[in-house]
Amino acid sequence: MNNNKMEVLSPAGDMECLMKAVDFGADAVFLAGHEFGMRTASKNFDADELARAVEYAHTRGSKIYVTCNTLPRNSELARLPDFLSACQHIGVDAFIIADLGVLELAKKYAPAVECHISTQAGIVNYAAANAFYNLGASRVVLAREMSFDEIADIRAHIPSELEIEVFVHGAMCVSFSGRCLISAYMTGRDANRGDCAQPCRWKYHLYEENRQGQYFPVEEKDGGTYLYNSKDMCLIDYIPQLYKAGVSSLKIEGRAKSAYYAAVVTNAYSHAVDGFYSGGCKDDYRVDQRIRQELEKISHREYSQGFYLGGQPGQNTENGGYIRHYDFVATCDSSNGNDAQIIQRNRFFTGDTLDVLPPSGIPFDVVIEKMYNEYGESVDSAPHPMQRLKAVTSCNIPAGSMLRKKRD
């Protein structure tokens, strides 16, 4: 079991995501520079933004972990020492590393920065975990294919100071530990270098070699079958099991996702962990359903518990899309009583009842009674992206809150 409180580790693909993750309760945030990270689809952070991110997180008690988890080619290695040294200079707390050469370079050029071993390394046993510890790692991010019992067995056979991190929420790759060649084969975009095109989410059909031009759908529904399409992971109902297995850090997937996603999921897991510890870390702890319901207010695929219960997580064979019950419509920039300065993200109307997620506390409903545009004119709707509006509301909305509208 853990002597320290389990960490909530959140993703950030840009500065807005970073700020929302920290503001909504992340103990640490993982992100990438413009090179060496596994998500080229994200905006990521240049040198100045990375320094700002460290400052923003540290002044609010959160840590920053920088992903160096690609498998760099020879031509890239010459740029790596300067990057590692610069990260140490600005105070980065840890690197997330998959490659042994990168680990050795990190120990040489940034010895003050902790090294965490990426899930890309595919650690599934205590011998591998101990080997990385002996090479200087302070944490291992286990393969997503592990069960609670297997994690507990690893915990029992490694040094107490070696931390265990596991993914608890978000998209799962169809391939072992994300080592996928499908994208590179079909599109030329290498998943192992952060450029996955996600062909596992596409719809496939079967062809017979003597019947050219005819396809035979392998299907459960008329739309065809999404053969490789994994369900999303959700472990918010399993906080006691994670604690008993000896997990140190709960990692949320999603560096290519929105600031709204980062805020909502971070908020939910932060409240769940806080509730578990404040209740005495009991085996029968059940997360408040208001918190659990938050995870239905983001776009997601069908949820599963992955491999944690010892079985197979299953595939979503019916479609490659998302479940959406709510739309993120605005953020609250500032407020004075029942007057709120808001920034539009999706269309909504005067008279709408919106669901508010504050940076602290629990969600609540608010009615938009009146709205005014930047010229002080009364308006019935907020149709323009990023439009700034003054709203008169039925109750106070705290600054930094996220506003959602339930779909009909």
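Reckoned from all heavy atoms, side chains included, excluding hydrogens, waters and symmetry mates.
- Partners of Arg347 according to the side chain to side chain donor-acceptor pair (under 3.5 Å) rule, which considers only residues two or more places apart in sequence or in another chain, do not exist here.
- Under the 6.0 Å cut-off for aromatic ring centres, His169 and Tyr269 qualify, their centroids lying closer than that.
- Stacking of Arg144 on the aromatic ring of Phe167 is recorded, both the 6.0 Å distance cut-off and the 45° axial limit being met.
- Taking each heavy atom of Ser401 and Pro358 in turn, the nearest pair found is OG-CA, 3.4 Å.
- Heavy atoms only, all atoms of each residue included: Pro385 and Gln344 are closest at CA-OE1, 3.1 Å.
- The minimum heavy-atom distance linking Phe83 with Val66 is given by the pair CZ-CG1, 3.9 Å.
- Each of Glu114, Glu7, Glu161 was checked for a salt bridge (charged side-chain N to carboxylate O under 4.0 Å, His left out) with Arg139, and the lone residue meeting it is Glu7.
- Rounding to the nearest 0.5 angstrom, the gap separating the NE2 atom in His116 from the CG atom in Leu9 is 9.0 Å.
- To the nearest 0.5 angstrom, Met6 atom CE is 4.0 Å from Tyr277 atom OH.
- The residue from Lys297, Glu302, Glu296 that alone fulfils the side-chain hydrogen bond (donor to acceptor under 3.5 Å, both in side chains) condition with His300 is Glu296.
- Among the candidates Val329, Leu354, Thr353, the single residue satisfying the side chain to side chain contact (heavy atoms under 4.5 Å, CB included) test with Ile368 is Leu354.
- Between Phe30 and Tyr65, a ring centre-to-centre spacing not shorter than 6.0 Å is recorded.
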>> Run Ile164 and Ile158 through side chain to side chain contact (heavy atoms under 4.5 Å, CB included) and show every step you take.
In response: CA-CA 10 Å; Ile164 291 176; Ile158 63 176; 3.9 Å; yes
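- Note: Tyr308 and Phe148 have tilted aromatic rings, judged against thresholds of 30 and 60 degrees for the angle between ring planes.
- Atoms CG and CZ, from Leu357 and Phe328 in turn, are 10.0 Å apart once rounded to the nearest 0.5 Å.
- Aromatic ring centres of His34 and Phe45 lie farther apart than the 6.0 Å criterion allows.
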>> Could you go through Asp355 and Lys406, starting from their C-alpha distance and side-chain angles, then the distance that decides it, and tell me whether this counts as salt bridge (charged side-chain N to carboxylate O under 4.0 Å, His left out)?
In response: CA-CA 8 Å; Asp355 181 46; Lys406 190 172 184 178; over 6 Å; no
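- Here the side chains of Ile97 and Asn69 are not in contact, with every heavy-atom distance at 4.5 Å or above.
- Among residues two or more places apart in sequence or in another chain, the side chain to side chain donor-acceptor pair (under 3.5 Å) test is passed with Asn338 by none.
- A perpendicular orientation is assigned to the rings of Phe276 and Tyr285, their planes being inclined by more than 60° (bins at 30° and 60°).
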